[in-house]
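What follows is a single structure, written as structure tokens, with notes after it.
Computed from heavy atoms alone, side chains included, the values below leave out hydrogens, waters and symmetry copies. Counting convention: from 1, in listed order, for ligands and their atoms alike.
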Amino acid sequence: MIIFKKIVEFKNYLRKLKNKKKKIGFIPTMGALHDGHFSLISRSISENDLSIISIFINPTQFNNQNDLFSYPSDLKKDINSLKIISENLILFNPSSEEIYSGNIVSNVFSFGGLDKYMEGKFRKNHFQGVATILQKLFDLVKPDNVYFGEKDFQQLRIVEYFVSNLGFNLNIIRCKTIRTDDGLALSSRNKKLDISSQKIATNLFKALNFVKENFDTLNFEKIYNKVRHFLSEFSEIKIEYFIIADEKDLKPIKTKDKNKKYRAFIAADVSGVRLIDNIKLY
Ligand code: PAF
């Protein structure tokens with residue numbers, strides 16, 4: 001596996017690849033890799049000539065310095081896991097200085113209102129930071145296909161929007177959320193939960209499943225009340241938001257239109273760790 005830390009060297013390598021007309025799959029990550037990432041990588045391997053992974057904990061997308069400094073990281077382990085998947089992977093693992101040259105600020109993007117809700121509301125400027133790093137990475141890697149998990153569904157929709165808005169010539173590939181056998185959506189942040197908190201966190205998925213099972217028969221108020229009541233039984237869980245929204249424009253809804261597709265979204269603090277999850281309701 002080749003590992004690049006410097007943009008100049010990575011650029012030279014990419015230029016040669018592009019001359020050879022190789023189809024490039026790209027998986028941007030912040031490391032602390034898990035089976036969710038590995039499933040994106042496997043899909044990329046099967047759909048491209050070459051797969052590039054980036055590991056970079058992007059400071060501009062954190063609105064809270066404690067969250068940034070405590071974000072899980074284990075580069076050695078990540079590299080070993082990647083080598084087991086394939087020796088042909090390319091890893092880009094730059095420093096913050098390499099990416100931001102000492103000027104750690106976001107660019108300003110418009111997301112057509114998709115950032116007004118949920119993560120956009122509760123994590124100020126989060127998506128400006130995500131778009132800032134992705135713009136830099138897409139400009140550098142010039143991938144054909146980029147792989148994102150549906151667990152961060154709002155991020156996925158915002159990336160789809162900004163890629164089309166800025167005219168990037170690449171495909172965003174939606175990939176299903178990978179879960180533990182008992183339903184916990186895989187996330188790097190799960191590494192901060194002990195075993196018992198991981199068990200408790202599976203109740204978020206139970207709540208989302210309840211919504212899916214009852215979406216056609218119960219009215220919204222009943223669904224919201226039941227979810228809140230169910231989760232309030234766990235003192236370790238504090239809901240930040242729970243909403244049902246149109247999956248295209250992400251607007252929270254109160255009445256159903258049978259021609260539209262909806263998802264239920266949740267963010268909660270579980271034993272001090274902020275988790276998000278969502279489920280499609282169709
Ligand atoms: O989803 C993530 O891990 C990050 O938001 C991303 C897309 C790698 C940008 O830093």
Side-chain angles (χ1 to χ4, degrees), residues 4 7 10 24-41 43-44 51-65 67-75 78 81-82 89-96 98-100 104-107 109 111 114-115 118-120 122-141 143 145-163 166 168 170-178 185-192 250 265 267 273-278:
F4 292 96
I7 290 177
F10 188 39
I24 297 178
F26 180 45
I27 305 97
T29 83
M30 298 206 295
L33 302 178
H34 51 69
D35 283 351
H37 296 116
F38 301 144
S39 77
L40 307 183
I41 296 170
R43 181 149 176 206
S44 171
S51 293
I52 298 175
I53 294 117
S54 64
I55 295 183
F56 177 63
I57 302 180
N58 174 37
T60 58
Q61 71 187 73
F62 288 82
N63 61 333
N64 173 329
Q65 290 299 294
D67 194 22
L68 169 61
F69 294 127
S70 66
Y71 195 82
S73 161
D74 191 341
L75 186 60
D78 287 348
S81 310
L82 292 174
L89 294 170
I90 309 295
L91 173 62
F92 181 49
N93 174 228
S95 64
S96 183
E98 188 69 9
I99 293 288
Y100 286 105
I104 302 184
V105 288
S106 296
N107 298 333
F109 300 87
F111 302 121
L114 291 168
D115 57 335
M118 303 186 280
E119 298 303 285
F122 285 88
R123 301 179 69 190
K124 229 177 162 357
N125 288 329
H126 168 67
F127 289 119
Q128 300 294 344
V130 170
T132 299
I133 185 60
L134 290 180
Q135 185 180 37
K136 288 176 191 287
L137 292 171
F138 292 170
D139 278 340
L140 183 64
V141 177
N145 296 314
V146 188
Y147 295 80
F148 285 95
E150 288 186 343
K151 189 194 71 86
D152 298 302
F153 193 83
Q154 187 176 21
Q155 167 171 279
L156 176 59
R157 280 293 300 120
I158 284 179
V159 173
E160 286 172 342
Y161 180 91
F162 117 94
V163 158
L166 268 64
F168 279 106
L170 53 84
N171 305 309
I172 297 296
I173 314 290
R174 291 183 175 196
C175 302
K176 269 189 14 213
T177 302
I178 306 294
L186 296 195
S187 160
S188 302
R189 290 177 190 271
N190 294 353
K191 297 197 161 88
K192 293 166 79 176
L250 301 182
F265 296 85
V273 179
R274 187 174 184 280
L275 301 179
I276 60 172
D277 199 357
N278 70 85

- Message: Closer than 3.5 angstrom, by distance alone: can the side chain of Ser188 be matched with the main-chain N or O of Ala32 as a donor-acceptor pair?
- Response: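 Yes.
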- Side chain Gln155, main chain Phe127, donor-acceptor under 3.5 Å: no
- Just heavy atoms, cut-off under 4.0 Å: does Val159 contact ligand 1 by side chain, backbone, both, or neither? neither
- Identify the heavy atoms of Ser96 and Ile104 that sit nearest to each other, and give their distance. OG-CD1, 3.6 Å
- Message: If you define the side chain from C-beta out and look only at heavy atoms, does anything of Val141 sit under 4.5 Å from Phe10?
- Response: yes
- Please assess Tyr147 against Ser51 for the test side-chain hydrogen bond (donor to acceptor under 3.5 Å, both in side chains), listing each intermediate value before the final yes or no. CA-CA 10 Å; Tyr147 295 80; Ser51 293; over 6 Å; no
- atom 3 (O) of ligand 1: closest protein heavy atom, distance to 0.1 Å, is Met30 CG, 3.7 Å
- Message: For the 3.5 Å polar cut-off, considering only N or O atoms, please tell me whether Gln61 and ligand 1 meet it.
- Response: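 Yes: some nitrogen or oxygen of Gln61 is under 3.5 Å from one in ligand 1.
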- Does any N or O atom in Gln155 lie less than 3.5 angstrom from one in ligand 1, N or O only? yes
- Item | Atoms in ligand 1 with a heavy atom of Ile133 nearer than 4.0 Å |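 Counting atoms of ligand 1 from 1, those under 4.0 Å from Ile133 are 9 (C), 10 (O).
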